[in-house]
2 protein chains.
Amino acid sequence: MRKRPSTLADVARRAGTSTAVVSYVMNNGPRPVAAATRERVLAAAAELGYRPNRIARALRSRTTGVAGLVLADASNPYFGALARHVERALEGRDLLTLVGNAGYSAQRQRHLVERFLAAQVDGLVIVSSDSVGDVAEVAEAAGVPAVYIHNGPAGAPVAAADNQQAVREAVAHLRGHGHRHVAFLAGPDDEGPVGVRRAAWHAAVDGDPGAELLRCDYSRATADALTRRLAAAGTLPRALVTATDEQAIGVLSGAWAHGLAVPDRLAVISLDGTPESAHTAPALTVTEQPLQAMAEQAVALLFDEAAAPLTPHAALVARRSCGCAGQDLGS
Amino acid sequence: MRKRPSTLADVARRAGTSTAVVSYVMNNGPRPVAAATRERVLAAAAELGYRPNRIARALRSRTTGVAGLVLADASNPYFGALARHVERALEGRDLLTLVGNAGYSAQRQRHLVERFLAAQVDGLVIVSSDSVGDVAEVAEAAGVPAVYIHNGPAGAPVAAADNQQAVREAVAHLRGHGHRHVAFLAGPDDEGPVGVRRAAWHAAVDGDPGAELLRCDYSRATADALTRRLAAAGTLPRALVTATDEQAIGVLSGAWAHGLAVPDRLAVISLDGTPESAHTAPALTVTEQPLQAMAEQAVALLFDEAAAPLTPHAALVARRSCGCAGQDLGS
DNA sequence: CTGAAAGCGCTTACAG
DNA sequence: CTGAAAGCGCTTACAG
């Protein structure tokens, strides 16, 4: 075992042909090969257990068949779900995916991009952290296409959903349940997609002074703590739109710990709509980010000249946390 | 812009040296370079924005600096968390990670391994699906080290925690809360780590005929549905150990939908202990899989001759779902 | 339809 | 300490 792997030359020798011919049959082109020759080559390759060395191919043909995916925060299930869709979209183009987690650090993001470029990736999909330089530019300067998804620096094209429309629907839905004041739980600042969502909420409530703006980090833990604090102070709103599922789940957890009933005492709608949101207690009503469409759009932007920059819709999925009940809306 | 990237030869030309010398300074070896020469080379590299082509390096030196990670199911947060730890452990050895999702399919798992081998990965970490052939063998035959983590075929070495001890602790903890009969929610069959957990539970309850064995898929949705069904039939146990967090979360969701209080009517302990378990409603008591230790162990097994196959402990983290209350155990 | 050969960008013996 | 050159395993003009 563990002998030297067979090469193209080994196959050519055994089949009694040139390496060029072996290459042509392995790649089905670019030039034709006589049927009989092809058979001999295929047989020789099988006998030797030949596996083409993609690295050698890459060096010569200047294409590796590998793309890089840079995540802002891999521990957030939303980004995890997004990553799976990007992987699948890339796989649809026969590309392998190299992943890296920037952990919200500009420096790590830049470092990952550099390493991926050194690995000669064919393209880069980036979920940017907030307020970080335009790393796509350095990729483009190296001749490697790069695209942002979900979040990118101002000005750069980003494959993202129509977040404004989603927020409008969420606010309208809660109002439909009779809530006059709809609060919003934003992130620590107004950057990135959450900034867009926050602004859209502000527009939707039209300056209603009873509509509170809350802020916390994008984690279950901080949203949980915030909810407990407000509950203890008796200042929890009755209707809330959260910027992310992680926050919504933390709110549910904090409300439970305080014995506050959702949706009766607090109605909640979240704006991500990850798979996790379907089986919380109670199940979350969400506007569902069209992750597959976003991923496909990003990949199209990367490789298709004519890709149109559409903005897919995030549909509202009514479950329990908003006050909808009726029959089993559980999934 | 977008001009041809600079090569080693470009740098050598500009620095007035040979390519060998440039290589020596870029890699800090394997041979010494005079300080003055090194300065000239570094300056030239900086001026040209030289970025070493790892593909060319890989072809020559037969090491790519890339490892492959094959996941059984990327949509399960447990595997997601495990993946992050593997990535980090790999990064600690300066390795990039290529990820692939087998989606519980033997064929896809095999296909991914083949593609990763073609990409000349330096090693393979595999979260195997149940009852699938030994794909690590095909990697080893190609001279590439491979290791299983969490789950591997019978006989193959696997980096995994002490699941038996974890189950024993979970059962004992529930008994400490006064429960005589502790039920177990297993997977659809007895394969893989869940089979081990199921058997350990069986031993721990010592044939107690009142201790029920339940089964469902490893998803929130099926555990949710099962819980509703049992609740409707009035046959839900009072104390339950679930094989996985996904199942536990589904149980919580189903119990909520039926108005059943956890932990009063149903006490639950889950055996994964992913980050998600800390902020459910109520917060889950778990035995926490030592993911970091497992990941580091897997990587050590891959590259260190002398790696000892230890079996790290999964500690019990008491939160609310088991009946523990006291002060804030929320996180 | 097929072969001989150059070359992708590196690393590393081999000489000096 | 440094240079000239071979070679990693492919792909692809260039000739036939």
Side-chain angles (χ1 to χ4, degrees), chain A residues 3-42 44-45 48-66 117-122 142-144, chain B residues 3-42 44-45 48-66 117-122 142-144:
Chain A
K3 44 186 186 335
R4 182 180 63 78
S6 317
T7 69
L8 245 202
D10 295 330
V11 176
R13 201 168 309 119
R14 180 175 257 256
T17 65
S18 69
T19 59
V21 168
V22 177
S23 172
Y24 300 147
V25 351
M26 296 317 292
N27 300 311
N28 289 313
R31 291 194 320 204
V33 174
T37 315
R38 142 172 271 111
E39 288 312 314
R40 284 211 318 284
V41 169
L42 257 16
L48 294 174
Y50 173 65
R51 175 166 16 228
N53 181 331
R54 305 270 311 188
I55 292 295
R57 175 188 226 281
L59 181 59
R60 183 55 227 242
S61 62
R62 325 188 77 55
T63 154
T64 53
V66 173
L117 289 178
Q120 311 296 119
V121 293
D122 291 341
V144 176
Chain B
K3 47 189 183 333
R4 181 181 63 80
S6 318
T7 68
L8 245 202
D10 296 329
V11 177
R13 201 170 307 120
R14 179 174 258 256
T17 66
S18 69
T19 58
V21 168
V22 178
S23 171
Y24 300 147
V25 351
M26 297 316 294
N27 300 310
N28 288 313
R31 289 192 324 202
V33 174
T37 315
R38 141 172 273 110
E39 288 314 313
R40 285 213 316 287
V41 169
L42 258 14
L48 294 174
Y50 172 64
R51 175 165 17 218
N53 181 332
R54 306 270 311 187
I55 292 295
R57 175 189 228 280
L59 181 59
R60 183 55 226 241
S61 63
R62 323 189 78 50
T63 153
T64 52
V66 173
L117 289 177
Q120 310 298 116
V121 293
D122 291 342
V144 176

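So you know, we letter chains A, B, ... as the sequences are listed, proteins then strands, and number each from 1.
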Expected output check: what is the dot-bracket annotation of DNA chain D, where ( ) and [ ] are pairs inside the strand (brackets for crossing ones), | is paired with another strand, and pairs are Watson-Crick or G-U under 3.5 Å?
|||.||||||||.|||

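For the pair B/M26 and B/P52, the tightest heavy-atom approach, listed with the atom from each and the gap, is CE-CG, 4.4 Å. Residue B/V41 comes nearest to B/V11 through the heavy atom pair O-CG1, 3.9 Å, listed as atom of the first residue, atom of the second, then distance. Here the shortest heavy-atom pairing between B/A142 and A/R51 reads CB-NH2, 3.7 Å. Of all heavy-atom pairs between B/T64 and B/V121, the closest is OG1-CA, 3.9 Å.
One cannot find a donor-acceptor pair under 3.5 Å joining the base of D/dG9 and the side-chain atoms of A/R13. Between the side chain of A/R31 and the base of D/dT12 there is no donor-acceptor pair of N/O atoms closer than 3.5 Å.
Taking atom P in both D/dA6 and D/dT2, one finds a spacing of 23 Å when rounded to whole Å. Annotation: D/dA13 and D/dG9 have their P atoms spaced 23 Å apart (nearest Å). Taking atom P in both C/dA4 and C/dC8, the straight-line distance is 22 Å, to the nearest Å.
Using a 4.0 Å cut-off, some side-chain N or O of B/R62 falls inside it from OP1 or OP2 of D/dG9. Between B/N53 and the phosphate of C/dC8, there is no side-chain N or O to OP1/OP2 separation shorter than 4.0 Å. The phosphate of C/dT11 (OP1 or OP2) has a side-chain N or O of B/R57 nearer than 4.0 angstrom.
If you take OH of A/Y50 and C1' of D/dG9, they are 7 Å apart, rounded to a whole angstrom. B/L59 has its CG atom 17 Å from the P atom of C/dG7, to the nearest Å. If you take CG of B/N27 and P of C/dT11, they are 5 Å apart, rounded to a whole angstrom. Taking atom CD1 on B/I55 and atom P on D/dG9, their separation rounds to 15 Å, with Å as the unit. In this structure, the CG atom of B/N28 is 14 Å from the P atom of D/dC1, given to the nearest Å. Distance CZ (A/R60) to C1' (D/dA13): 8 Å, rounded to an integer number of Å. Per the geometry, CG belonging to B/L8 stands 12 Å off P belonging to C/dT12, to the nearest Å.
Proximity note for A/P30 (side chain, C-beta onward) versus C/dG9, D/dC1, D/dT12: the nearest is D/dT12.
Judged by distance alone, with hydrogens and angles left aside, the side-chain atoms of A/R40 form a donor-acceptor pair with the main-chain N or O of A/A15 at under 3.5 Å. B/T19 places no side-chain N or O within 3.5 Å of a backbone atom of B/L8 that could act as its donor or acceptor partner.
Taking CZ of B/R54 as the reference point, atom CG of B/L59 lies at 13.5 Å (rounded to 0.5 Å).
The nearest heavy atom of DNA chain D to B/S61 and to B/T37 marks one nucleotide each, and the one closer to the 5' end goes with B/T37.
Looking at A/R4 and A/D10, their side chains come closer than 4.5 Å, going by heavy atoms from C-beta outward. Counting heavy atoms from C-beta on, the side chains of A/N53 and A/T7 never come closer than 4.5 Å.
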Distance-only donor-acceptor hits, side chain of residues 31-39 of chain A, under 3.5 Å, sequence neighbours excluded:
from, atom 1, to, atom 2, distance (Å)
A/R31, NE, A/Y24, OH, 3.3
A/R31, NH2, A/Y24, OH, 2.7
A/R38, NH2, A/N28, OD1, 3.1

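Heavy-atom distances under 4.0 Å link DNA chain D to B/T17, B/S18, B/T19, B/A20, B/V21 of residues 17-25 of chain B, given in residue order.
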